[in-house]
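Let me begin by presenting the structure, written as structure tokens, before commenting on it.
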Amino acid sequence: MFLLLPFDSLIVNLLGISLTVLFTLLLVFIIVPAIFGVSFGIRKLYMKTLLKIFAWATLRMERGAKEKNHQLYKPYTNGIIAKDPTSLEEEIKEIRRSGSSKALDNTPEFELSDIFYFCRKGMETIMDDEVTKRFSAEELESWNLLSRTNYNFQYISLRLTVLWGLGVLIRYCFLLPLRIALAFTGISLLVVGTTVVGYLPNGRFKEFLSKHVHLMCYRICVRALTAIITYHDRENRPRNGGICVANHTSPIDVIILASDGYYAMVGQVHGGLMGVIQRAMVKACPHVWFERSEVKDRHLVAKRLTEHVQDKSKLPILIFPEGTCINNTSVMMFKKGSFEIGATVYPVAIKYDPQFGDAFWNSSKYGMVTYLLRMMTSWAIVCSVWYLPPMTREGWWSEEGEGEGHVQRGAAEAVQQDDRWEP
Amino acid sequence: MGNEASYPTEMCSHFNHDEIKRLSKRFKKLDLDCSGSLSVDEFLSLPELRQNPLVQRVIDVFDTDGNGEVDFEEFVVGTSQFSVRGDEEQKLRFAFSIYDMDKDGYISNGELFQVLKMMVRNNLQDWQLQQIVDKTIIILDRDGDGRISFEEFSAVVGNLEVHKKLVVTV
């Protein structure tokens with residue numbers, strides 16, 4: 001036993017009291033509302049305050065940069081090269097003007113240097129183009145006090161640095177532990193809850209409990225990320241026997257959608273913690289988990305999904321047809337597998353506001369754990385979810401390749417993003 | 001994803017380490033079938049390139065070993081010619097080789113015609129195009145051999161501050 005200093009017991013007491021208070025606050029303000037699905041509006045207030053601070057910060061930076069005559073925005077930083085936007089006519093005129101003194105005509109029809117424009121444009125495109133930009137994170141117009149999003153801004157004053165430091169302190173020392181505690185609570189409740197519900201005999205009571213256990217745990221997870229979600233057109237929410245398709249920006253999409261509706265998940269069986277969660281969930285209600293070997297077999301996958309949707313008592317399936325995580329500035333072409341099953345399709349569009357935290361998962365840059373930590377140390381995840389009107393097979397042309405285009409266009413229009421077709 | 005293949009550092013290019021890393025990521029994104037080299041189709045999968053009349057010529061110029069595809073070394077060496085650090089003669093040689101289709105060091109009447117045809121397509125009649133080609137060669141051909149050598153080319157084009165026009169900053 002080492003010698004305790006006289007005021008150590010005081011510190012221990014204080015610690016104990018503050019922990020209790022914190023825990024009670026947590027319970028009252030976060031977990032209890034999550035259980036019942038109500039909200040105190042604390043997160044919305046938080047969001048408004050943050051917006052004001054960001055606007056102020058950007059104003060300061062612009063003012064400061066003007067005073068010092070610095071360049072605030074790095075020039076042409078879209079992509080890996082600096083593109084000089086000139087047109088064909090301008091450029092050819094310029095080259096010809098600077099060149100020939102020996103012209104016989106006043107306006108030569110052709111100069112050997114005319115190819116320069118095409119060469120350069122071609123090179124620029126080879127090195128960087130619009131489509132590839134979809135796969136890296138979006139850039140912001142105002143700085144949100146996270147150093148990780150500081151691509152464009154070069155000049156930062158002392159006051160701003162202090163504010164940023166304060167932000168770091170709040171995010172890492174206050175918000176992060178809070179969020180980890182909530183996430184832990186949410187996940188363990190999910191596992192325990194679904195396992196317990198699994199022991200009940202099949203019937204309406206089990207369904208009822210399972211639904212509420214799922215919803216409750218997802219709501220806690222949503223609060224663990226401080227996700228502020230606005231739902232639009234909730235009357236179009238997916239019903240039993242349908243397929244829900246959504247655009248995919250990150251694994252969090254699942255949590256966001258599942259906290260507002262009761263879905264059957266589709267996915268590969270994982271090991272580790274994910275595997276535990278998957279096995280527990282499937283006890284309470286029938287999700288569709290595929291073994292790794294089954295995933296390669298398209299027909300098997302289609303068969304299982306078809307069986308699931310044909311059973312009208314089963315929950316709507318949640319599918320992300322883009323195939324991979326896109327950076328949320330546009331909607332890529334949907335892969336057609338999910339549309340061949342022939343059930344009613346409920347399209348959903350999810351749009352994140354990158355002001356508060358960039359939810360895009362660049363899987364070639366960050367692993368899952370790093371990604372989750374980044375999420376939990378951002379200010380918040382703000383997003384909007386649009387439930388689009390359902391579509392049936394009769395509602396679109398049955399030619400191959402048209403159905404998913406229809407749905408994709410609808411999704412893109414809903415969130416007013418680019419609609420980009422792959423060649 | 002995430003595997004970084006090592007590249008031979010003897011590749012003569014003007015790029016530093018970071019730029020080569022970015023280019024290699026770009027190369028991997030363009031290489032849709034992961035064959036290790038870029039075919040004409042993979043280049044043409046970029047919508048903006050499809051409108052560029054000189055794509056085939058640029059690919060031919062990159063493809064130094066003549067196998068019809070551009071591997072990573074050819075890609076780096078090729079794009080390096082557009083680097084800010086490249087010298088003027090290198091850029092002029094690049095422009096020259098766009099015209100010089102058979103790589104014999106001279107732009108013949110036929111080669112100039114073919115390249116111009118690629119650029120104007122059907123907007124000019126063949127005889128009008130031939131007139132322009134003939135006129136250009138007459139004006140530029142100093143030693144009277146009916147074709148344009150590199151020296152004659154650079155004499156015309158060389159004073160145009162080429163190094164500003166044929167530059168892409170990575």
Side-chain angles (χ1 to χ4, degrees), chain A residues 74-77 79-84 86 88 90-92 94-105 108-136 324-325 361-367 370 420-423, chain B residues 1-2 19 22-23 25-26 29-30 38 43-55 57-59 61-62 75 78-79 81-82 91 94-96 98-99 107 112 115-116 118-120 124 128-129 131-133 135-136 139-140 148 153 156-157 159-162 165-170:
Chain A
K74 295 192 195 133
Y76 309 122
T77 45
I80 71 171
I81 55 176
K83 281 198 191 168
D84 204 6
T86 50
L88 174 60
E90 273 172 31
E91 187 135 338
I92 291 194
E94 208 186 302
I95 300 184
R96 288 188 182 175
R97 217 181 317 135
S98 63
S100 48
S101 45
K102 49 106 194 103
L104 296 178
D105 310 323
E109 294 162 309
F110 165 70
E111 291 271 346
L112 282 179
S113 50
D114 288 347
I115 57 164
F116 287 8
Y117 175 77
F118 295 111
C119 288
R120 210 191 76 223
K121 277 286 170 206
M123 282 312 298
E124 283 175 354
T125 310
I126 289 177
M127 293 166 89
D128 199 13
D129 75 320
E130 290 298 311
V131 174
T132 319
K133 277 207 268 284
R134 305 284 184 251
F135 292 90
S136 60
T324 181
C325 290
W361 184 29
N362 191 342
S363 56
S364 56
K365 243 175 139 187
Y366 307 112
T370 323
R420 172 64 75 138
W421 286 91
E422 275 178 9
Chain B
M1 274 187 177
E19 290 166 338
R22 273 182 276 178
L23 281 177
K25 277 199 198 138
R26 177 67 184 163
K29 286 221 169 89
L30 289 175
L38 301 177
F43 276 106
L44 290 178
S45 70
L46 297 166
E48 291 161 17
L49 266 192
R50 274 192 233 130
Q51 301 158 6
N52 192 313
L54 294 177
V55 173
R57 290 302 313 138
V58 171
I59 296 175
V61 172
F62 277 21
F75 184 73
T79 48
Q81 294 173 65
F82 278 77
K91 293 182 196 293
F94 182 85
F96 186 78
I98 297 274
Y99 287 109
I107 303 177
L112 189 56
V115 175
L116 253 74
M118 282 183 207
M119 290 204 280
V120 305
L124 280 183
Q128 288 169 313
L129 205 56
Q131 263 190 348
I132 294 178
V133 169
K135 218 191 315 185
T136 313
I139 295 173
L140 301 182
I148 304 177
F153 181 80
V156 179
V157 172
N159 54 356
L160 295 178
E161 299 194 317
V162 158
K165 293 299 159 194
L166 287 182
V167 165
V168 175
T169 322
V170 178

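Because the structure is a prediction, the values reported are computed rather than measured. Naming convention: chains lettered A, B, ... in sequence-line order (proteins, then strands); numbering from 1 in each chain.
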Top contributor to chain A contacts, counting heavy-atom pairs under 4.5 Å, from B:I98, B:L116, B:T136, B:I148: B:L116

Region of [X] in contact with chain A, defined by heavy-atom distances below 4.5 Å:
| X | value |
| --- | --- |
| B:L49 | both |
| B:L38 | neither |
| B:Y99 | side chain |

Considering all heavy atoms, the nearest A:I115-B:A95 contact: CD1-O, 3.7 Å

Gap between atom CZ of A:R120 and atom CG of B:N52 - 0.5 Å precision: 11.5 Å

